[in-house]
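Everything below concerns the one structure shown next.
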Amino acid sequence: MSKPYGLKYFKSYAKVIMSKSLTPRSQDYSKWYHDLIVKANLAENSAVRGCMIIKPNGFSIWEKMQAQLDKMFKATGHQNAYFPLFVPKSLFEAEEKNAEGFAKECAIVTHYRLKNNPTTKGKLMVDPESKLEEELIVRPTSEAIIWNTYKNWIQSYRDLPILLNQWSNVVRWEMRTRLFLRTSEFLWQEGHTAHASKQEALKEAQLMNEIYADFAENYMAIPVLQGTKSESEKFAGAEITYCIEALMQDGKALQAGTSHFLGQNFAKAFDVKFATKSGTLDYVWATSWGVSTRLMGALVMTHGDDQGLVLPPNLAPIQIVIIPIYKNQEELQRISELANQMVDQFSSKQYRIKYDDRKNQKPGFKFHQYELEGVPLRISLGPRDLEKNQVEISYRLTLEKELIPVDQLIPYVEKKLSSMQKEMFQKALKFQRDNTFEANSFDTFQDILNQKGGFVLAHWDGREETEKEIQAKTKASIRCIPKNQTVEKGTCILSGKPSNGRVVFARAY
């Protein structure tokens with residue numbers, strides 16, 4: 001490992017680190033998470049209770065996620081559309097289970113106008129004469145408004161399938177909020193599709209869950225378990241909920257994405273029928289699926305360390321940053337000539353690179369900033385490097401430094417970014433495997449949860465009351481019934497009743 005550029009820069013760097021260091025994960029994981037998000041300029045709390053401001057640094061990562069997912073959706077035949085933010089209360093109530101499932105989280109618009117308060121100068125009050133004839137729900141999800149619309153679009157099998165997605169915001173009035181993980185308003189995508197057969201809709205729901213798993217593993221470098229939710233955990237109004245579950249560094253699970261087979265529930269609620277090829281009428285089959293800015297939280301908690309964020313190269317808005325080290329304007333000019341050549345070369349190969357030649361911040365500050373923000377590769381370039389025709393590269397994943405000749409820089413970076421994406425996934429996969437356990441008794445089950453955390457594979461008798469009792473006693477829920485679950489006769493860890501296979505339990509966000 002090479003030395004920094006002189007004692008002055010080392011002292012500057014150390015001073016910045018000491019003044020802006022994060023709470024260690026081992027000391028307080030929750031505070032570490034909040035500190036990292038705020039100090040890495042990802043997001044902050046807003047003046048609106050439970051809502052967040054996503055800052056440019058955080059939004060640029062979300063945009064990378066959005067762009068890649070959008071590409072994957074369109075490659076499978078989906079199109080983007082947009083539906084209203086407001087849902088008439090009568091439409092929201094049409095599918096009973098969906099309405100009941102979201103009722104406690106709904107924000108409601110009752111009036112449409114304010115007026116001056118005659119008793120308090122300069123203050124406004126609700127105009128009682130502006131009460132809406134029908135109250136409006138601020139969408140917590142869009143099935144109701146979309147299926148009311150599909151009724152006008154679908155008459156025949158020739159109108160099917162409809163494969164739509166929308167990028168939007170939703171409101172779910174959370175009582176306990178945490179940046180990215182649970183906020184009263186958040187950004188997401190929600191797909192809503194309509195099909196002529198049960199088999200086609202099931203295939204669609206499964207396909208979208210596969211796409212989410214592909215994205216999580218190959219772009220976010222996060223290994224996930226695929227499966228289905230139990231009856232009590234599935235989406236309100238769904239017949240089957242498929243899911244991907246990730247494991248965070250504190251041993252808690254995070255639901256990273258869900259895809260729902262809705263059967264004909266919403267078609268029946270909104271009377272959406274179609275003429276089949278045989279000339280009969282049938283209700284349309286449906287799916288919905290979505291991921292949200294919660295993925296930002298997953299990214300932080302899976303890969304972050306005590307120095308800050310660690311971004312997988314496939315999603316990093318800046319993959320390479322160049323920082324000049326100089327004493328005078330003449331040195332800066334010489335460094336900038338080479339740095340700008342590097343920017344042009346890497347940009348032509350579609351790498352995302354930045355030359356940070358700000359004069360109002362010292363190198364030590366910049367080193368710390370880009371470590372905190374998780375930029376995969378940092379290039380330091382000073383007068384000595386120009387003389388020796390080399391650069392110093394800092395590798396964010398391990399914080400190791402190497403001296404690389406300029407003529408070998410491009411192949412080195414190509415190889416390093418490719419290997420970093422794989423290393424990050426393998427590191428997270430090892431953590432997941434090392435923290436996945438089997439429990440054959442309730443005592444063992446509790447010991448694992450209390451001492452280690454992680455995914456716990458255990459037998460369950462399939463009854464909702466047993467599931468609820470386990471959760472009440474341990475705060476662990478069934479995260480998923482694994483895809484291709486192995487048939488394994490056993491007895492439920494709590495009730496002792498027969499079980500045909502293990503399910504995945506964990507404490508979760």
Side-chain angles (χ1 to χ4, degrees), residues 64-83 98 141-143 146-147 150 153-154 157-168 188-231 233-246 254-267 272 274 282-292 294-295 298 314-315 425 479-485 504:
K64 295 298 296 180
M65 292 180 174
Q66 185 181 29
Q68 182 56 42
L69 282 166
D70 201 63
K71 182 179 179 181
M72 296 168 87
F73 297 157
K74 287 174 179 173
T76 48
H78 299 83
Q79 295 177 295
N80 287 334
Y82 187 80
F83 293 84
N98 189 252
T141 184
S142 296
E143 280 81 2
I146 286 175
W147 277 90
Y150 282 177
W153 293 1
I154 300 169
Y157 70 91
R158 294 184 179 89
D159 300 320
L160 299 170
I162 294 176
L163 306 176
L164 292 187
N165 173 66
Q166 77 166 346
W167 294 94
S168 63
W188 77 345
Q189 60 75 210
E190 51 178 326
H192 296 272
T193 69
H195 304 269
S197 71
K198 178 179 181 179
Q199 293 72 23
E200 188 179 290
L202 279 168
K203 185 178 178 181
E204 165 77 7
Q206 292 163 0
L207 170 65
M208 300 318 296
N209 205 56
E210 291 283 351
I211 286 175
Y212 289 152
D214 180 6
F215 175 74
E217 297 193 340
N218 294 308
Y219 291 89
M220 297 182 69
I222 298 177
V224 293
L225 298 182
Q226 291 192 61
T228 56
K229 290 291 188 181
S230 64
E231 188 70 21
E233 290 284 332
K234 72 181 184 182
F235 178 75
E239 292 191 8
I240 303 172
T241 289
Y242 299 92
C243 62
I244 57 171
E245 294 287 326
L254 184 77
Q255 179 180 287
T258 50
S259 179
H260 317 291
F261 168 64
L262 302 176
Q264 295 174 310
N265 295 339
F266 282 88
V272 186
F274 72 104
D282 194 11
Y283 287 105
V284 178
W285 297 84
T287 80
S288 66
W289 29 272
V291 295
S292 73
R294 166 174 274 225
L295 291 180
N314 285 353
L315 289 180
F425 177 78
R479 303 317 304 157
C480 70
I481 301 166
K483 181 181 178 182
N484 302 322
Q485 181 188 38
V504 181

Can you see which heavy atom on Glu190 is nearest to which on Ser168, and at what distance?
OE2-OG, 3.6 Å

Working note: Asn98 + Thr141, criterion side chain to side chain contact (heavy atoms under 4.5 Å, CB included); need CA distance, chi angles, decisive distance, verdict.
CA-CA 9 Å; Asn98 189 252; Thr141 184; 4.2 Å; yes

Give the C-alpha distance, both sets of side-chain angles, the deciding distance and a yes or no for side chain to side chain donor-acceptor pair (under 3.5 Å) between Asn165 and Trp289.
CA-CA 9 Å; Asn165 173 66; Trp289 29 272; over 6 Å; no

State the CD1-NZ distance between Ile481 and Lys234, to the nearest 0.5 angstrom.
10.5 Å

Between CG on residue Asn209 and OH on residue Tyr242, distance to nearest 0.5 Å:
8.5 Å

Between Gln264 (side chain only) and Tyr283 (backbone N and O only), is there a donor and an acceptor less than 3.5 Å apart?
yes

Once you measure the plane-to-plane angle for His78 and Phe73, does it fall in the parallel (<30°), tilted (30-60°) or perpendicular (>60°) bin?
perpendicular

How far apart are the C-alpha atoms of Ile162 and Thr193, what are their side-chain angles, what is the distance that settles it, and do they pass the side chain to side chain contact (heavy atoms under 4.5 Å, CB included) test?
CA-CA 5 Å; Ile162 294 176; Thr193 69; over 6 Å; no

Steps toward salt bridge (Lys or Arg N to Asp or Glu O under 4.0 Å) verdict (Glu239, Lys198):
CA-CA 11 Å; Glu239 292 191 8; Lys198 178 179 181 179; 5.5 Å; no

List the steps, then state whether side chain to side chain contact (heavy atoms under 4.5 Å, CB included) holds for Leu225 with Arg479.
CA-CA 9 Å; Leu225 298 182; Arg479 303 317 304 157; over 6 Å; no

Where do Val224 and Ala246 come nearest, in terms of heavy atoms and distance?
CG1-CB, 4.2 Å

Straight-line distance of Asn80 CG to Lys74 NZ, nearest 0.5 Å
4.5 Å

Nearest non-hydrogen partners of Leu254 and Ala298, listed with the distance:
CD2-CB, 3.3 Å

How about Asp159 and Phe274: do any of their side-chain heavy atoms sit closer than 4.5 Å?
no

If you apply the rule side chain to side chain contact (heavy atoms under 4.5 Å, CB included), what do you find for Trp285 with Glu200, and how did you get there?
CA-CA 8 Å; Trp285 297 84; Glu200 188 179 290; over 6 Å; no

Any idea which heavy atoms bring Leu295 and Met220 closest together, and the distance?
O-CE, 3.2 Å

Distance check, rounded to the nearest 0.5 Å: Lys64 atom NZ versus Gln66 atom CD?
11.5 Å

Return the orientation label for the Tyr150 and Trp147 ring planes: parallel under 30°, perpendicular over 60°, tilted otherwise.
perpendicular

What distance separates Leu163 CG from Thr76 OG1, expressed to the nearest 0.5 Å?
8.0 Å

Quick check: does any side chain N or O of Thr241 sit under 3.5 Å from a backbone N or O of Phe235, one acting as donor and the other as acceptor?
yes

All heavy atoms of Ile154 vs all of Val272, minimum pair found to be CD1-CG1, 4.1 Å

Nearest 0.5 angstrom please: Ser288 OG to Leu164 CG, how far?
12.5 Å

Donor-acceptor contact below 3.5 Å, side chain Tyr212 vs main chain Gly290
yes

Is the backbone of Ser292 close enough, under 3.5 Å, to the side chain of Gln189 for a donor and an acceptor to pair up by distance?
no

Can Tyr219 and Gln68 be counted as having a side-chain donor-acceptor contact under 3.5 angstrom?
yes

Any donor-acceptor pair under 3.5 Å from Glu245 side chain to Gln226 backbone:
no

Shortest non-hydrogen contact from Ala205 to Ser259?
O-OG, 2.7 Å

I want to check something: taking the side chain as every heavy atom from C-beta on, are His195 and Val284 in contact at a cut-off of under 4.5 Å?
no

